[in-house]
Amino acid sequence: MSWLDPYTKAFDAIVDAISEVIGEDRRRVSYLLAVPSRREYGDLSFPAIRYVKSSGLSAEEIAVRVREILEERGINYVGVSVLKGYLNFTLDVGAIAEKLAGMAGEKILEVPRTGEPLKIVVEHTSANPIHPLHMGHARNTCLGDTLSRMLMARGHNVNRRFYVDDVGKQVAVAALGVKVLGIDPMEEAVKHGLKPDHLVGWIYAATHTIIDIKRLKKAAGEAERDEDKRRIMGEIEDLMSVLADLESKDPAGYFNRLLEGLSRIDDPEKTLSEMMIRYEKGLEPERTLIRGVATTVLEGFKQTLARLDVEFDAWDWESSLVWEGLVERVLEEARRSPYFIYYKGAEALDLPRFIRERVKPDPELRRHFRLPRGFEIPPLILRRSDGTTLYTTRDIAYSIYKFEVTGADKVYNVVGAEQRLSQLQVRLALAAIGYTSIAINMVHYDYELVTLPRMKMSSRRGRIVVLDDILETLRTLAEEEVEKRNPGAPRDWVRGVAEKIAVGALRFRMVQTSPQKPLLFDIEKALDLAENSGPYLQYTYARASSILRKLGANAQLQPPRRDACESPKRRELILQALRTPRVAAKAADDLAPEDLAVHLLKLADLFNSWYQEDPVIREPDVGARSCKTLIVYLVREALSLGLGLLGVPVLERM
RNA sequence: GGGCCCGUAGCUCAGCCAGGACAGAGCGCUGGCCUCCUAAGCCAGUGGUCGGGGGUUCAAAUCCCCCCGGGCCCGCCA
């Protein structure tokens, strides 16, 4: 049992008491026991009116029994009253403050550990290794990493994995470019002082564009109708301007070599598909070439992720799944499934029949899959008539792998909402093959995309908002501000602080809105560091730190004068800070980082407002100063706890 | 054509899943606050047919139905 602060302890005791008295589930009671809309109603409120009928007790009677139970359990700092059918609880903050005094320097706030620790895999980011991470990935990365942090804090055993999608056309395109140039991409990046993923990203975009133009030119020559021809010529024109743009960004004199090299290849599409087939078989030289290209890009990813303080426990290569026979194993198992069919000559699973016969009649399965009402899908092809496998097939194999290699109870896949259908298909397929528990315990953690005003990203045209660039812009801006506020501060220090502010701004922004909503990332506004932002919280933390620093020896916590903690703002601040562990625990259980973000903003608002009118250091009364010092301690610790979970770095000064 | 998600103040969003006590923040705009703990802050003011219409309920932003608007998805692509 971990240490519980008096607030969490009281909350739990109240939940227990109510649930015993009215005979309702603890979870439900815990949900309904909320902070009321008006302060006069108390610190916590419960709508007992709902349970008057079912329990046969009046609200007053419920209150009396709850109070008895609380007293029995030694929770003597909670008052209960009844108003309009609500039980209103008021905490004796003075008594709580007394309990907390003397704990200076110790950890007071801690996320309560779950009673059911699980082994959880969080798969996130998993960007294709062809170009740098962009803003689209940023939300995925931040959500995935924050989720991981929260689940770990809750006591789960979390395993973070990155799926390297190297079997496919995109990486082959980049590899073809590298091959034509005859370079070792990693060495070249070092030689030219470029970030490795940026180098490959350019090669990918240029190669792709050149091949596309070539293909379109051929199509234009063959087009019979004039309007088709005109449309194609228009597309070619667009691509030519894209190409000109790429030429202007040529990182190391590659452009002409690439153009010439590719022009010597008769049918690039055919070359690519041969490369892909050979790679799937693990043949050289493709094996070394493609792995090399992907590894180069991953190296760049790792640099960016390190800036964001994001780590992975494992990198899973799609190609390895193929080479080690896991994909083949899935196919064999599928063939033994009663739902295996040949569909137009390809090996497939009859998902429509599976849904009809197994999912719909089974309430539990129906609940887990949450099938839309008029849901209809065609059979799922696992292997093409030409014998090659599909992405989905490999994804099924990977799903099994994730559970088997880790012994996971649960897997969260952080994947964009646009892939809902395909994620559902994978889970249905798993169940149809017989992996029912995997299908049930695999969760698609979906989020809407990041939209950029006045901008449409296109990765294959090299027109992406690169995450590194955003971070650089944010850092530069923060640097100016830090310098202005700290004249004469050492260069390195300024840089370090600015970097943390940039990371804080980005990470907070990416998780503060609920994942179901598209996130509008306005670069102009993101650069404005005010608003409900990460830097605002960092600033508040730094402020609290500064006060404690200046208090010096006086920062030792003395028992506060009880009544000194009773003023509305002071007691509200103490309570809001103490609520943080519970909020964090619930946010973790609900997989809702935005709830924690909102809570921290509210805490910071209260603190800043209080700070302005109630000075700490100049407070002459020792008992009152102790209470204020306690508040600063608690707020600083609550922010530290919360920001740590969100991956927003804390700063002692800024 | 079918399905999923979203629609709350000029803008960005909380609240909706598990209905309850006058609908909340921030930004913006207007005005004020640094001989005093960091002004990336604070205070005051401004601003809402909760997309529209029905229904259920003692009670609806929240649940149900219909409609409107926006995004996404429905490949032997990845």
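Each chain gets a letter, A, B and so on, in the order its sequence line appears, and its residues count up from 1.
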Protein-nucleic acid N or O pairs under 3.5 Å, nucleotides 42-44 of chain B:
{"residue": "C42(B)", "atom": "OP1", "partner": "Y536(A)", "partner atom": "OH", "Å": "3.2"}
{"residue": "C42(B)", "atom": "O4'", "partner": "Q612(A)", "partner atom": "OE1", "Å": "3.0"}
{"residue": "C43(B)", "atom": "OP1", "partner": "S609(A)", "partner atom": "OG", "Å": "3.0"}

Look for any protein N or O under 3.5 Å of an N or O in nucleotides 75-78 of chain B and output each such pair with its distance, or none.
{"residue": "C76(B)", "atom": "O3'", "partner": "R384(A)", "partner atom": "NE", "Å": "3.3"}
{"residue": "C76(B)", "atom": "O2", "partner": "S385(A)", "partner atom": "N", "Å": "2.8"}
{"residue": "C76(B)", "atom": "O2", "partner": "S385(A)", "partner atom": "OG", "Å": "2.9"}
{"residue": "C76(B)", "atom": "N3", "partner": "S385(A)", "partner atom": "OG", "Å": "2.4"}
{"residue": "C76(B)", "atom": "N4", "partner": "K344(A)", "partner atom": "O", "Å": "2.1"}
{"residue": "C77(B)", "atom": "OP2", "partner": "R384(A)", "partner atom": "NE", "Å": "2.5"}
{"residue": "C77(B)", "atom": "OP2", "partner": "R384(A)", "partner atom": "NH2", "Å": "2.8"}
{"residue": "C77(B)", "atom": "O3'", "partner": "R384(A)", "partner atom": "NH2", "Å": "3.2"}
{"residue": "A78(B)", "atom": "OP1", "partner": "R384(A)", "partner atom": "NH2", "Å": "2.6"}
{"residue": "A78(B)", "atom": "OP2", "partner": "R384(A)", "partner atom": "NH2", "Å": "3.2"}
{"residue": "A78(B)", "atom": "OP2", "partner": "Y391(A)", "partner atom": "N", "Å": "3.3"}
{"residue": "A78(B)", "atom": "O3'", "partner": "V167(A)", "partner atom": "O", "Å": "3.0"}

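An OP1 or OP2 oxygen of A39(B) is reached within less than 4.0 angstrom by a side-chain nitrogen or oxygen of Y611(A). Listed pair K550(A) / U38(B) meets the phosphate criterion, a side-chain N or O lying under 4.0 Å from OP1 or OP2.
Partners of F508(A) by ring pair (Phe, Tyr, Trp, His ring centres under 6.0 Å), not counting sequence neighbours: none found. Shown here are the side chain to side chain donor-acceptor pair (under 3.5 Å) partners of E637(A), two or more places apart in sequence or in another chain: there are none. For W493(A), the ring pair (Phe, Tyr, Trp, His ring centres under 6.0 Å) criterion is met by no residue, not counting sequence neighbours. In this structure, the side chain to side chain donor-acceptor pair (under 3.5 Å) partners of Y51(A), at least two apart in sequence or on a different chain, are E24(A). Scored by the side chain to side chain donor-acceptor pair (under 3.5 Å) test, S399(A) finds no partners at all (sequence neighbours excluded). Taking E347(A) as the reference, R335(A) meet the side chain to side chain donor-acceptor pair (under 3.5 Å) condition, with sequence neighbours excluded.
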For residues 590-602 of chain A, run the donor-acceptor check on the side chains, cut-off 3.5 Å, and write out each pair with its distance to 0.1 Å, sequence neighbours left out.
{"residue": "D590(A)", "atom": "OD2", "partner": "K586(A)", "partner atom": "NZ", "Å": "2.7"}
{"residue": "H599(A)", "atom": "ND1", "partner": "Q576(A)", "partner atom": "NE2", "Å": "3.1"}
{"residue": "H599(A)", "atom": "NE2", "partner": "Q576(A)", "partner atom": "O", "Å": "3.4"}
{"residue": "H599(A)", "atom": "NE2", "partner": "T580(A)", "partner atom": "OG1", "Å": "2.9"}

Donor-acceptor contacts, no H, no angles, side chain residues 413-422 of chain A, under 3.5 Å, sequence neighbours left out:
{"residue": "N413(A)", "atom": "OD1", "partner": "K402(A)", "partner atom": "NZ", "Å": "2.7"}
{"residue": "R420(A)", "atom": "NE", "partner": "D446(A)", "partner atom": "OD2", "Å": "2.5"}
{"residue": "R420(A)", "atom": "NH2", "partner": "D446(A)", "partner atom": "OD2", "Å": "2.7"}
{"residue": "S422(A)", "atom": "OG", "partner": "Q419(A)", "partner atom": "O", "Å": "3.1"}

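For residues 605-618 of chain A, the pairs satisfying salt bridge (Lys or Arg N to Asp or Glu O under 4.0 Å) are K569(A)-E613(A), R570(A)-D614(A), D614(A)-K628(A), with sequence neighbours left out.
Consecutive Watson-Crick or G-U pairing (both distances under 3.5 Å) extending over three or more pairs maps onto RNA chain B as B:1-7 with B:68-74, B:10-13 with B:24-27, B:28-33 with B:41-46, B:51-55 with B:63-67.
Here the two rings, on W323(A) and Y279(A), have centers that are under 6.0 Å apart.
Looking at R618(A), its side chain has no donor and acceptor atom pair within 3.5 Å of the base of C37(B).
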